[in-house]
Amino acid sequence: VLVMRNLSAGIMSRSSREPPKRVSLLIRNLPLDARPEDVRTKFERYGEVRDIYLPKDYYTNRPRGFGFIEFKDSRDAEDALYHLDRSTFMGREISVVLSKESRKTPRDMLHRERDYSGRPGPRDGGGGGGGGYGRDRDRGYGERDRHRDRSPRRRSRSRSPR
């Protein structure tokens with residue numbers, strides 16, 4: 001309720017000649033098979049929708065389970081937020097909140113995913129192991145390393161002739 005009051009206060013302080021501010025909502029816990037048309041159908045009953053964006057993973061191209069919807073009028077976004085937060089959509093309970101950031105481009109998302117996951121992007125030399133130093137060798141998980149670590153070192157008893 002506090003968020004809605006703040007949003008409404010921002011609308012009331014604007015001049016009557018200025019068009020209402022556009023607002024994006026973040027929708028969490030979307031079914032992975034949800035399409036933009038499905039989301040539009042659910043949300044457009046509260047007002048005119050300007051844009052819908054359902055991000056996909058850069059590497060797998062699979063949906064990430066959340067999306068953004070932008071309304072042309074912030075009052076419509078307020079109504080949708082009030083009525084659809086914690087509602088059921090395609091068998092799942094969705095969470096709807098005001099989006100704090102603007103829509104990201106696929107390039108922005110690539111950089112964000114790389115920062116969080118530690119995986120380098122295509123321009124950072126990613127894509128394949130480098131020189132045989134994979135996870136198994138670095139962390140000692142390889143079968144060969146594990147065996148070698150447990151066995152005592154043996155010295156050769158052969159002597160070179162003098």
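FYI, side chains are in, hydrogens and waters are out, and symmetry mates aren't considered; it's all heavy atoms of this structure.
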Quiz item: Given the rule in the side-chain contact (heavy atoms from CB on, under 4.5 Å) test, do Asp73 and Glu48 qualify, once you have shown the distances and angles that lead to the verdict?
Solution: CA-CA 7 Å; Asp73 187 329; Glu48 193 173 353; over 6 Å; no
What's the separation between atom [atom1] in [X] and atom [atom2] in [Y], rounded to the nearest 0.5 Å?
X: Asp85; Y: Ser95; atom1: CG; atom2: OG; value: 5.0 Å
X: Arg28; Y: Arg64; atom1: CZ; atom2: CZ; value: 12.5 Å
X: Arg40; Y: Asp51; atom1: CZ; atom2: CG; value: 8.0 Å
X: Lys72; Y: Asp76; atom1: NZ; atom2: CG; value: 11.0 Å

Self-check item: Pair Leu81-Tyr46, side-chain contact (heavy atoms from CB on, under 4.5 Å): steps then yes or no
Solution: CA-CA 9 Å; Leu81 172 65; Tyr46 298 100; over 6 Å; no
Quiz item: After noting the C-alpha distance and the side-chain angles of Phe66 and Leu26, does the key distance pass the side-chain contact (heavy atoms from CB on, under 4.5 Å) rule?
Solution: CA-CA 7 Å; Phe66 67 93; Leu26 167 62; 3.8 Å; yes
Self-check item: Glu70 vs Ser99 side-chain heavy atoms within contact, under 4.5 Å
Solution: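 When only atoms from C-beta onward are counted, Ser99 and Glu70 do not touch, as no gap falls below 4.5 Å.
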Quiz item: Are Phe89 and Val39 close enough that some pair of their side-chain heavy atoms sits under 4.5 Å apart?
Solution: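 Result yes, sub-4.5 Å side-chain heavy-atom pair found.
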Could you pull out the closest heavy-atom pair between [X] and [Y], with the gap in Å?
X: Ala80; Y: Leu25; answer: CB-CD1, 4.0 Å
X: Val23; Y: Ser74; answer: CG2-CB, 3.2 Å
X: Leu32; Y: Pro63; answer: O-CG, 3.1 Å
X: Arg92; Y: Leu30; answer: NH1-O, 3.5 Å
X: Pro55; Y: Gly67; answer: CD-CA, 3.9 Å
X: Ile94; Y: Asn29; answer: CG2-O, 3.8 Å

Quiz item: Run the side-chain contact (heavy atoms from CB on, under 4.5 Å) check on Ile69 and Ser24 step by step: do they pass?
Solution: CA-CA 5 Å; Ile69 186 160; Ser24 288; over 6 Å; no
Quiz item: Taking only residues two or more places apart in sequence, or in another chain, which ones meet Thr60 in a side chain to side chain contact (heavy atoms under 4.5 Å, CB included)?
Solution: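 Once residues adjacent in sequence are excluded, the partners of Thr60 under the side chain to side chain contact (heavy atoms under 4.5 Å, CB included) criterion are Asp57, Arg62.
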Practice problem: Over 60° means perpendicular and under 30° means parallel, so classify the ring planes of Phe71 and Phe43, tilted if in between. | Solution: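 Phe43 vs Phe71 ring planes: tilted.
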Quiz item: Looking only at atom types and distance, does a side-chain atom of Asp38 sit under 3.5 Å from a main-chain N or O of Arg35, one as donor and one as acceptor?
Solution: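 Yes, Asp38 side chain to Arg35 backbone: donor-acceptor pair under 3.5 Å.
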